[in-house]
There are 2 protein chains.
Amino acid sequence: MSGQKIRNMEEFAALSGLSRPTISKYFNDPASVRSRTRERIEEALARHDFRPNIFAMNQNRSLTKNVGIVVPYLADPFFAEIARIIERRCIDAGFSPILYSSHGQQKLEVEILEGLTALKPAGVFLAPLGRLSDRSAVERFCRDVPTVLFDSNIEGMGEAFVGSDNVSFVQQTVDYLCRSGTPPCFFEMRTPANPNANKRRNAYLKIMADAGLEPHVIQVDGEGWGFEEIGRRGMHRVIDAWPLPTNTVLCSNDRLAIGVLAACYERGLRIGRGEGCALRVASHDDHPFSRFTCPALTTAAHEYELVADKCMTTLFSLIEAGGRFSTREETLIPARLILRASA
Amino acid sequence: MSGQKIRNMEEFAALSGLSRPTISKYFNDPASVRSRTRERIEEALARHDFRPNIFAMNQNRSLTKNVGIVVPYLADPFFAEIARIIERRCIDAGFSPILYSSHGQQKLEVEILEGLTALKPAGVFLAPLGRLSDRSAVERFCRDVPTVLFDSNIEGMGEAFVGSDNVSFVQQTVDYLCRSGTPPCFFEMRTPANPNANKRRNAYLKIMADAGLEPHVIQVDGEGWGFEEIGRRGMHRVIDAWPLPTNTVLCSNDRLAIGVLAACYERGLRIGRGEGCALRVASHDDHPFSRFTCPALTTAAHEYELVADKCMTTLFSLIEAGGRFSTREETLIPARLILRASA
DNA sequence: GTTGGGAATTTACGCGCGTAAAGAAAAATC
DNA sequence: GATTTTTCTTTACGCGCGTAAATTCCCAAC
């Protein structure tokens with residue numbers, strides 16, 4: 001903490017009694033210099049608190065230590081949570097994560113990808129908008145930058161995909177709902193932006209068909225990322241057209257379910273599996289708030305830590321492989337059923 | 001989109017028939033070159049899609065176009081929301097926002113500030129952890145970088161503070177609750193990290209005293225950012241020790257209130273102002289989810305857009321003033337009462 | 001047509017660091 | 001103690017752009 005400010009590596013080298021290239025080596029990999037030398041540098045570092053200029057460092061490097069994390073909508077706590085874990089892991093691994101949110105807008109996603117390219121990142125975790133993504137822009141980006149897609153799969157883009165096994169999600173909730181009561185109908189948005197929604201509906205249809213049960217899909221209108229409000233308004237319409245085909249509602253995701261529960265509460269419908277309950281409601285994602293809904297939501301949980309871990313290991317092996325895999329890797333992580341009071 | 005890849009500004013200058021310094025001028029400020037020249041550059045730009053190297057650009061500049069946004073906990077939708085708006089505004093103003101979350105950890109906040117310093121940002125929006133912040137680290141940072149504090153004020157740090165007028169928040173909720181029913185007790189964490197919590201409690205005490213009413217403060221234990229769970233557990237204890245001093249509970253913030261509502265639901269207590277309701281519950285912040293609680297939460301809302309706007313204009317004038325104000329500016333923005341079903 | 005001034009060009013240097021090559025020094029090996 | 005191996009130093013060049021100074025150009029006004 002003492003002494004004058006160091007301007008550059010040259011000065012710091014002089015103060016630590018070493019040459020600049022040695023210092024440079026140290027900063028690129030502390031293990032690449034002799035332990036005695038390392039000690040001398042770290043001692044000088046403690047005294048003078050020097051940090052090499054990031055811009056000068058990266059300018060001459062084809063690859064930086066930057067890692068991009070792009071999510072479609074950060075105000076959705078699901079993405080905030082997954083981004084948080086990945087970010088933490090990146091820091092621990094010595095990378096500099098940079099977090100971006102597309103805020104649900106195609107134009108912004110494209111801008112982010114273009115800006116990210118200029119940062120020459122070692123790798124990028126990309127959760128694309130999905131249906132709203134500019135496919136050609138994403139494709140161009142993935143050609144330039146080693147990319148691991150997560151959450152939303154877009155066929156053929158990126159070197160790998162890490163996501164949730166939507167079939168497992170729906171299988172677990174439907175199984176549980178069937179063995180504990182009436183088979184569920186499926187509640188979803190008519191035009192979901194996220195491809196997982198389509199996979200979940202198809203899984204529902206197949207599982208019901210395999211079990212010899214009649215499926216019922218309820219589709220509600222609405223655009224954008226205000227899922228709770230879409231679910232709430234949609235459920236009000238459903239209640240207006242009472243009765244439902246079944247007393248059990250399986251929502252495509254927790255945010256819709258939160259809206260559904262709100263609508264039911266507003267209409268005086270009791271939710272749960274006990275006496276006097278009009279409906280059971282279950283869902284998917286284990287949204288951070290779903291344990292605080294009234295009643296608490298029965299849902300299929302993402303294994304947040306597992307997903308984040310798999311993302312990390314995948315990107316690291318991708319980086320070590322020079323940014324390309326011979327074949328595109330797809331990892332689907334199964335769900336964990338969480339039983340709460342709503343179903 | 002045609003033609004070969006451009007490697008650097010030199011090549012691009014040749015292709016557009018101009019000199020490199022002119023191109024450089026254009027990228028630093030398109031208005032600084034003659035309109036004819038600008039047209040020629042933009043035409044060449046459309047054909048070849050060149051972007052100057054960020055690292056080389058910033059290396060020789062004392063100030064970049066980077067703007068840092070630091071929030072204490074991004075998985076809290078309140079911060080996600082405010083960060084989203086500020087980010088959008090920065091982009092529109094031609095800056096490159098970079099978003100960081102301290103994830104509630106002092107060490108991480110310090111690391112972020114140190115890393116941010118190295119990016120030579122034009123300015124930074126900082127919502128500090130509060131009680132958990134390393135004051136000396138924040139102080140050092142603010143000396144080096146033009147900083148606007150928001151959300152949590154730390155006396156004397158940064159050139160300006162933009163936040164909410166906690167007195168206005170509490171005034172509005174207490175006034176409403178008093179004129180529509182029993183005066184409220186105040187529900188909060190015993191050791192809140194955020195200084196706003198203390199300001200709100202003090203405001204409550206003063207307002208009650210001024211009105212000649214007896215205040216009741218309920219403090220629940222808990223550490224960290226899991227406010228909903230802290231509120232839920234705390235409320236269960238309160239219900240165990242029934243009755244409350246009053247049938248009206250004013251929570252310090254919406255996330256605590258969400259937990260309180262969950263606990264009440266679990267114990268079969270009806271919330272609201274109607275017949276058969278055991279309690280009224282109100283709160284502060286207008287958290288993005290508080291309109292979907294059961295019942296929907298009566299609360300005092302932040303003027304998100306106003307706060308974001310004020311943050312932006314403050315930072316811009318700070319940047320134009322060369323990074324220093326003669327006196328520290330403090331802006332407090334009043335609340336907007338939102339009446340819903342819970343009180 | 002002349003003139004003046006803003007705009008563009010040329011020239012030249014600097015930023016802080018990566019990195020390569022060759023030689024010197026230190027450490028490890030026998 | 002001599003040899004090999006590893007590590008460090010020296011030297012030198014390059015990255016892509018900012019920026020300043022001096023010159024030349026263009027355009028408009030007179």
Side-chain angles (χ1 to χ4, degrees), chain A residues 4-45 48-66 94 96 115 117-122, chain B residues 4-45 48-66 94 96 115 117-122:
Chain A
Q4 74 287 10
K5 291 274 153 60
I6 314 291
R7 303 178 165 278
N8 54 35
M9 202 177 273
E10 192 84 50
E11 280 189 27
F12 180 74
L15 280 166
S16 56
L18 295 166
S19 73
R20 189 179 65 75
T22 306
I23 308 289
S24 175
K25 266 189 87 177
Y26 168 83
F27 277 107
N28 285 321
D29 178 13
S32 70
V33 300
R34 202 193 311 156
S35 58
R36 281 270 296 274
T37 312
R38 187 162 56 246
E39 281 165 23
R40 287 172 65 184
I41 294 176
E42 274 158 6
E43 182 187 308
L45 219 44
H48 294 98
D49 177 47
F50 161 74
R51 309 188 65 162
N53 181 305
I54 306 184
F55 302 109
M57 281 181 63
N58 287 334
Q59 158 179 3
N60 255 349
R61 253 212 265 277
S62 55
L63 228 56
T64 68
K65 278 285 193 180
N66 297 329
S96 300
T117 310
L119 291 180
K120 298 189 263 184
Chain B
Q4 73 287 10
K5 292 273 154 62
I6 314 289
R7 301 177 168 279
N8 54 36
M9 202 177 273
E10 192 85 50
E11 281 188 26
F12 180 75
L15 281 166
S16 57
L18 294 166
S19 72
R20 190 180 65 75
T22 306
I23 307 289
S24 174
K25 266 189 88 176
Y26 168 84
F27 276 108
N28 286 320
D29 178 12
S32 70
V33 301
R34 205 190 311 157
S35 58
R36 283 271 293 274
T37 311
R38 187 162 58 245
E39 280 165 26
R40 287 171 66 182
I41 294 176
E42 275 159 6
E43 181 186 309
L45 220 45
H48 295 98
D49 178 47
F50 161 75
R51 309 189 64 161
N53 181 304
I54 306 184
F55 302 109
M57 280 181 63
N58 287 333
Q59 158 179 354
N60 253 349
R61 250 212 267 277
S62 54
L63 228 56
T64 68
K65 278 286 193 178
N66 297 328
S96 300
T117 310
L119 290 180
K120 297 188 263 186

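Chain letters run A, B, ... following the sequence lines, proteins first, then strands; residues in each count from 1. Computed from heavy atoms alone, side chains included, the values below leave out hydrogens, waters and symmetry copies.
- Straight-line distance from the CZ atom of B/R40 to the P atom of D/dC26: 11 Å, rounded to whole Å.
- Each of B/N58 and B/R34 has a nearest nucleotide on DNA chain D; the 5'-most of these lies closest to B/N58.
- Using a 4.0 Å heavy-atom cutoff across all strands shown, A/N28 reaches sugar-phosphate atoms only and no base atom.
- Between the base of D/dG18 and the side chain of B/R20 there is a donor-acceptor pair shorter than 3.5 Å.
- Residues B/L18 and B/V33 are not in side-chain contact: their nearest non-hydrogen atoms beyond the backbone lie 4.5 Å or more apart.
- Of the candidate nucleotides D/dT19, C/dA7, D/dG16, C/dA7 has the atom lying nearest to any side-chain atom of B/T37.
- The side chain of B/P52 lies closest to D/dC17, out of D/dG18, D/dC17, C/dG16.
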Going through the checks in order, is the side chain to side chain donor-acceptor pair (under 3.5 Å) test met by B/R61 and B/N28? CA-CA 11 Å; B/R61 250 212 267 277; B/N28 286 320; 2.8 Å; yes

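- The nearest whole Å value for the distance from the CD1 atom in B/I23 to the P atom in C/dT10 is 12 Å.
- Between D/dT9, C/dG14, C/dT10, one nucleotide has an atom nearer to the side chain of B/S19 than all others, and that is C/dT10.
- In this structure, B/N53 places its CG atom 16 Å from P of C/dC17, rounding to the nearest Å.
- Residues B/S35 and B/A56 both approach DNA chain C. Their nearest nucleotides, taken by heavy-atom distance, put B/S35 toward the 5′ side.
- Taking side-chain N and O atoms only, B/S24 has a distance below 4.0 Å to OP1 or OP2 of D/dG18.
- Of the candidate nucleotides D/dC8, C/dA8, C/dC17, D/dC8 has the atom lying nearest to any side-chain atom of A/L18.
- Set against D/dT11, C/dC17, D/dT19, the side chain of A/P21 has D/dT11 as its closest nucleotide.
- Protein atom OH of B/Y26 is 17 Å distant from nucleotide atom C1' of C/dA7, rounded to whole Å.
- The listed nucleotides are C/dA7, D/dC8, C/dC17; the one nearest the side chain of A/T22 is D/dC8.
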Taking it one step at a time, do B/I41 and B/F12 satisfy side-chain contact (heavy atoms from CB on, under 4.5 Å)? CA-CA 9 Å; B/I41 294 176; B/F12 180 75; 4.1 Å; yes

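- Not a single donor-acceptor pair under 3.5 Å links the side chain of A/S16 to the backbone N or O of A/A44.
- Across all strands, B/R36 comes closer than 4.0 Å only to sugar-phosphate atoms, never to a base (heavy-atom distances).
- Atom CD1 in A/I54 sits about 15 Å away from atom C1' in C/dC15, given to the nearest Å.
- Looking only at distances, no side-chain donor or acceptor of A/K65 sits under 3.5 Å from a matching main-chain atom of A/A122.
- Between B/E10 atom CD and D/dG18 atom C1' the separation is 13 Å, expressed in whole Å.
- Ranking D/dT10, D/dC8, C/dC17 by closeness to the A/M9 side chain, first place goes to C/dC17.
- Distance B/E11 CD to D/dC17 C1': 14 Å, rounded to the nearest Å.
- Partner of B/Y26 under the side chain to side chain donor-acceptor pair (under 3.5 Å) criterion, out of B/E42, B/R40, B/R38: B/E42 alone.
- The distance between atom NZ of B/K25 and atom C1' of C/dG6, rounded to the nearest whole Å, is 9 Å.
- Considering only the side chain of A/N60, C/dG16 comes nearest among D/dC8, C/dG14, C/dG16.
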